[in-house]
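The structure under discussion appears below in the form of structure tokens.
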2 protein chains.
Amino acid sequence: MVTLKELAKLLNVSVSTVSKALSDSNEIGEATKKRVTELAKELNYKPNRIAQQLKSSQTKVIGVVVPSLMNPFFAEVVHGIEKTLEEQNYDMTICISNESLEKEKRSFDLLSSGSVDGFIVAVARDTQIKYDIKHFEIISKNAPIVMFDRVLNDIDCNKVVVDDFNTVFEATRYLIQKESRKHILLISNIEELSVGKQRVNGYKKAVEEHYLKTNIIKLDREESPDELIKNYLEAHEEIDAIISIDHITGIMALNSVKALGKNVPEDISIIGFGYVDSEYVSSPKLSIINQKGFEIGKTSAEILINQLASNSKIEVKTMMVKSELNLKGTTKKA
Amino acid sequence: MVTLKELAKLLNVSVSTVSKALSDSNEIGEATKKRVTELAKELNYKPNRIAQQLKSSQTKVIGVVVPSLMNPFFAEVVHGIEKTLEEQNYDMTICISNESLEKEKRSFDLLSSGSVDGFIVAVARDTQIKYDIKHFEIISKNAPIVMFDRVLNDIDCNKVVVDDFNTVFEATRYLIQKESRKHILLISNIEELSVGKQRVNGYKKAVEEHYLKTNIIKLDREESPDELIKNYLEAHEEIDAIISIDHITGIMALNSVKALGKNVPEDISIIGFGYVDSEYVSSPKLSIINQKGFEIGKTSAEILINQLASNSKIEVKTMMVKSELNLKGTTKKA
DNA sequence: TTGTACGCGTTATCAG
DNA sequence: CTGATAACGCGTACAA
């Protein structure tokens, strides 16, 4: 790594001359500027970012803490974050909590010692269940946090969420009103998350508003969830629509229905919770509630960077990113 | 952020005393040690990592540059990397090249100014096509690189790859020998990548060895790849097996075959290139070649950290991670 | 126009 | 046992 000092020695000038020349300061004569920049280019000089960070006490790095990247929703969000950060010349260091409280704490520890300027976080499942949130309280004193999707109401920070309740409410109502469905099954495997509860409630409200019966399958880490779905459908011939509230069970449901010899969407309508690829791996293409992960990521990063720029305590708020109902082949009117 | 200096002032001792006390040096008396550690805990002191990095000129951070995280293979690899790094107390900063040469260069620029101790990289598609690899040459002078999957033969560094050729060769041979298939279709949408070529060659070798005809569909960014597959199958009634060499077309093929009223695996066997979730979204469950992304990530990180520890130029080599043929429901003998 | 001096927070060496 | 000092690389106020 070539440093200012080395350049200075080679050119027989002082370190600060070199520094100023490289930042194109008008204190420096054109001649020396040229000598300096040329040598710098030749030796491929790059200012040491660590030193800059220490000096300026800002890192231009954002810490991103997510439960997993193998959940396509989070992967999409991370891409959204990346997009904004890139435009603003920020980097990100990603920690994966793996849904574990301990790992989440550890990530905060590592990142909170000056390595990042702020955080974007989706809370681990474990943390939400145990509701041990001291690490959030501590960290939020020192650095700005933006939470998305998996959010902690008791922590005072900016939040970006999907309008989970209304989204599922409207999708359910769509099935009832526009497709005349009367026996709607909801499949859930994220019951214990705040977002999961919201979604289930949206479903319940729509169903109850029309004086229909709720039908819910909870899959918490089943051995063979697809079997369970199939068995349920066999035992409940009356089911004529299905809503799935996570990214994978919708496709499972579709396959189960087809295996039972029923037609989609003629006999049963299906709406999944989706991500961009789900339409490629299903036939007919799955109608989905699109969570807009990319948007969520972009928005989160923008909020954080704004907060960083205007380093005052601006009012903290919760942004709703509205999700879209993308109707494809598993509902009647695509 | 509370610093050593502040602690020193509060305790009326010198900065170096505090520093030593906290690192449990035996130069310091038990009494003062206790005073220091207690105050440090109380004020939640954490050594500033940036300062430590500047001092020690190592960051304990690895730069990970991948084309995308929405490809489940890369997501899996990143999880593998994360696992190893966590055990070794390293962090990672992730840059997403988005398959673009320019973004890849930019990522290197950002990370090469002392922010990371080493790199783990999968080369962008764009870079492989244009074969502009100067940035790799430059960087590999200063910091160790490990490449995985998408690899550049002309760069002298450690590499971790799937045994693409043999993997597909053996899968194809399996279809011919054990399942008596004679008309095997290969579906490819990554023809232009080194890994893609290897896989196609493996297929060709097996087919030609048995004096059969090759059937290949190339899908470079089609509008509706599923339609194309379906049309091909309709036009070629004789096809009795399909191999897909990326993570998504296998499921498309399965759906197309079912839509044409054929039975899987009775009429047609299918083998996809897989990741952990593919069996959940297909029915019957897709037989796959499992690329073992997690293994690849773990191995890459281990190699890099070893290299960093023994900071000599050890011999550079290419590790093969053997992939597995996971037979499920889309081949006859599961 | 150029150079000197200092500080960011830490650690290591050396002196007391 | 404790404290002063220097150094990591950079930027900047101030002096020349």
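- Between atom NZ of residue A:Lys33 and atom OG1 of residue A:Thr17 there is a gap of 12.5 Å, rounded to the nearest 0.5 Å.
- Considering only the side chain of A:Leu54, C:dC8 comes nearest among D:dC10, C:dC8, C:dT2.
- Sorted by first and then second residue, the side-chain hydrogen bond (donor to acceptor under 3.5 Å, both in side chains) pairs with a member in residues 50-67 of chain B read B:Thr59-B:Asp117; sequence neighbours excluded.
- Nearest heavy atoms, A:Asp91 versus A:Leu85: O-CD1, 3.9 Å.
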Completion exercise
Symbol by symbol from the 5' end, with Watson-Crick or G-U pairs under 3.5 Å, [ ] crossing and | another strand, DNA chain C is ||||||||||||||||
Practice task
Give the C-alpha distance, both sets of side-chain angles, the deciding distance and a yes or no for side chain to side chain contact (heavy atoms under 4.5 Å, CB included) between A:Leu10 and A:Leu43.
Solution key: CA-CA 11 Å; A:Leu10 288 171; A:Leu43 300 185; 3.8 Å; yes
Enumerate donor-acceptor pairs with a distance under 3.5 Å from any side-chain N or O in residues 102-114 of chain A to protein atoms, sequence neighbours excluded.
{"residue": "A:Lys103", "atom": "NZ", "partner": "A:Ile96", "partner atom": "O", "Å": "3.1"}
{"residue": "A:Lys103", "atom": "NZ", "partner": "B:Glu82", "partner atom": "OE1", "Å": "3.2"}
{"residue": "A:Lys103", "atom": "NZ", "partner": "B:Glu82", "partner atom": "OE2", "Å": "2.5"}
{"residue": "A:Glu104", "atom": "OE1", "partner": "A:Thr127", "partner atom": "OG1", "Å": "2.9"}
{"residue": "A:Glu104", "atom": "OE1", "partner": "A:His135", "partner atom": "NE2", "Å": "2.9"}
{"residue": "A:Glu104", "atom": "OE2", "partner": "A:Ala124", "partner atom": "N", "Å": "2.8"}
{"residue": "A:Lys105", "atom": "NZ", "partner": "A:Asp132", "partner atom": "OD2", "Å": "3.4"}
{"residue": "A:Arg106", "atom": "NH2", "partner": "B:Glu86", "partner atom": "O", "Å": "3.3"}
{"residue": "A:Arg106", "atom": "NH2", "partner": "B:Asn89", "partner atom": "OD1", "Å": "3.1"}
{"residue": "A:Ser107", "atom": "OG", "partner": "A:Lys103", "partner atom": "O", "Å": "2.8"}
{"residue": "A:Ser112", "atom": "OG", "partner": "A:Phe108", "partner atom": "O", "Å": "2.9"}
{"residue": "A:Ser112", "atom": "OG", "partner": "A:Asp109", "partner atom": "O", "Å": "3.1"}
{"residue": "A:Ser113", "atom": "OG", "partner": "A:Asp109", "partner atom": "O", "Å": "3.2"}
{"residue": "A:Ser113", "atom": "OG", "partner": "A:Leu110", "partner atom": "O", "Å": "3.4"}

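- In the interface, the side chain of A:Ser16 is paired with the base of C:dT4 through a donor and an acceptor atom under 3.5 Å apart.
- Contact check of residues 26-53 of chain A against DNA chain C (heavy atom, cut-off under 4.0 Å) returns A:Glu27, A:Ile28, A:Gly29, A:Thr32.
- Contact annotation: B:Ser19 does not reach the phosphate of C:dT10 (side-chain N/O to OP1 or OP2, under 4.0 Å).
- In this structure, A:Val15 reaches neither bases nor backbone, as no heavy-atom distance under 4.0 Å exists between it and the strands shown.
- Scanning all heavy atoms of the two residues, the minimum distance from B:Glu76 to B:Gly293 falls at OE2-N, 3.6 Å.
- Nucleic acid contact class of A:Lys20 (heavy atoms, under 4.0 Å, all strands): base.
- A close approach under 4.0 Å does not occur between any side-chain nitrogen or oxygen of A:Ser14 and OP1 or OP2 of C:dT2.
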Exercise for the section: Dump the intermediate steps for side chain to side chain contact (heavy atoms under 4.5 Å, CB included) on B:Val151 and B:Val123, then the final yes or no. Expected result: CA-CA 6 Å; B:Val151 144; B:Val123 180; over 6 Å; no
Handout entry: Derivation of the side chain to side chain contact (heavy atoms under 4.5 Å, CB included) call for A:Ile62 and A:Val116
Key = CA-CA 5 Å; A:Ile62 300 301; A:Val116 299; 5.9 Å; no
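- In terms of phosphate contacts, B:Lys5 brings no side-chain nitrogen or oxygen within less than 4.0 Å of OP1 or OP2 of C:dG7.
- On a pure distance criterion of 3.5 Å, a polar donor-acceptor pair joins the side chain of B:Lys55 and the base of C:dT11.
- The shortest non-hydrogen separation linking B:Ile145 to B:Ser140 is CD1-CB, 3.9 Å.
- The interatomic distance linking B:Leu4 (CG) with C:dG7 (P) rounds to 17 Å, in whole Å.
- Listed by first then second residue, pairs satisfying ring-ring contact (aromatic ring centres under 6.0 Å, His included) with a partner in residues 52-101 of chain B number zero, not counting sequence neighbours.
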Exercise for the section: Might you work through the side chain to side chain donor-acceptor pair (under 3.5 Å) test for B:Gln128 and B:Ser194, ending with a clear yes or no? Expected result: CA-CA 8 Å; B:Gln128 284 208 336; B:Ser194 54; 3.3 Å; yes
Practice task
Before giving the answer on side chain to side chain contact (heavy atoms under 4.5 Å, CB included), spell out for A:Thr93 and B:Ile94 the whole-Å C-alpha distance, their side-chain angles and the decisive distance to 0.1 Å.
Solution key: CA-CA 6 Å; A:Thr93 113; B:Ile94 298 187; over 6 Å; no
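- Less than 4.0 Å separates DNA chain C from no heavy atom of any residue of residues 105-119 of chain B.
- With rounding to whole Å, B:Leu22 atom CG is found 15 Å from D:dT2 atom C1'.
- Spacing between atom CE of B:Met1 and atom P of C:dT10 amounts to 10 Å, rounded to whole angstrom units.
- At a threshold of 4.0 angstrom between heavy atoms, the contacts of A:Ser57 with the nucleic acid are absent.
- As rounded to whole Å, 14 Å separates atom P of D:dG11 from atom CG of A:Asp24.
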